[in-house]
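Everything numeric here is computed off the predicted structure, so don't read it as measured data.
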Amino acid sequence: PPAAATVGAIIGANLAVTFLWKYIPPSWKLLNRFFVIVPFYPSALGVLGSTFSHQTWRHLATNMMVLGLMGTRGKKLMTTIWIYRPANLV
């Protein structure tokens, strides 16, 4: 189903970014530029990218478990409410 594919892609992106932080030091320059929120110097890419940055494997596992359990259900619910809502509710 599309919801599972979306959640799987998000989990894959999170795993990739965490792997880069932990094991590929040459990528840190890029990650520090686009995957960290800098106080007093906000950027849209930093805010978006920081959602994929996790400091520990435990933090990543907890977030991905919740995303996996609730993400597919939430996407189905939001799709039903916002895209396929009946015309009389508009």
Side-chain angles (χ1 to χ4, degrees):
T6 301
V7 169
I10 293 170
I11 290 173
N14 277 285
L15 287 169
V17 171
T18 302
F19 182 82
L20 289 172
W21 273 117
K22 296 291 182 186
Y23 302 112
I24 314 292
S27 68
W28 292 352
K29 182 177 180 182
L30 174 78
L31 293 170
N32 278 315
R33 183 169 182 190
F34 296 114
F35 290 85
V36 175
I37 296 176
V38 179
F40 304 110
Y41 190 72
S43 70
L45 289 175
V47 172
L48 179 64
S50 68
T51 62
F52 297 99
S53 292
H54 296 82
Q55 298 301 314
T56 64
W57 288 109
R58 183 177 179 182
H59 177 206
L60 174 72
T62 303
N63 285 357
M64 295 308 101
M65 182 178 64
V66 172
L67 176 64
L69 293 173
M70 299 180 72
T72 54
R73 179 94 174 150
K75 184 174 186 304
K76 288 178 190 176
L77 178 65
M78 293 307 293
T79 303
T80 303
I81 290 172
W82 295 106
I83 295 177
Y84 301 113
R85 64 181 175 211
N88 62 351
L89 294 177
V90 175

Indicate, with yes or no, if [Y] and [X] share a hydrophobic cluster defined by side-chain heavy-atom contacts under 4.5 Å among Ile, Leu, Val, Met, Phe, Trp and Tyr.
X   : Y   : answer
L45 : Y41 : no
L60 : V36 : yes
L48 : V38 : no
L31 : Y23 : yes

How long is the straight-line distance from [atom2] of [Y] back to [atom1] of [X], given to the nearest 0.5 Å?
X   : Y   : atom1 : atom2 : answer
F19 : W57 : CZ    : CH2   : 7.5 Å
N63 : T51 : CG    : OG1   : 10.5 Å
M65 : M70 : CE    : CE    : 11.0 Å
T56 : H54 : OG1   : NE2   : 9.0 Å

Is there a donor-acceptor pair under 3.5 Å between the side chain of [X] and the backbone N or O of [Y]?
X   : Y   : result
W21 : W28 : no
T18 : L15 : no
K22 : V17 : no
S50 : I37 : no

Between F35 and G49, which heavy-atom pair has the shortest distance, and what is it? CD2-O, 3.1 Å
Intermediate values then yes/no, side chain to side chain contact (heavy atoms under 4.5 Å, CB included), I10 and L67: CA-CA 9 Å; I10 293 170; L67 176 64; 3.5 Å; yes
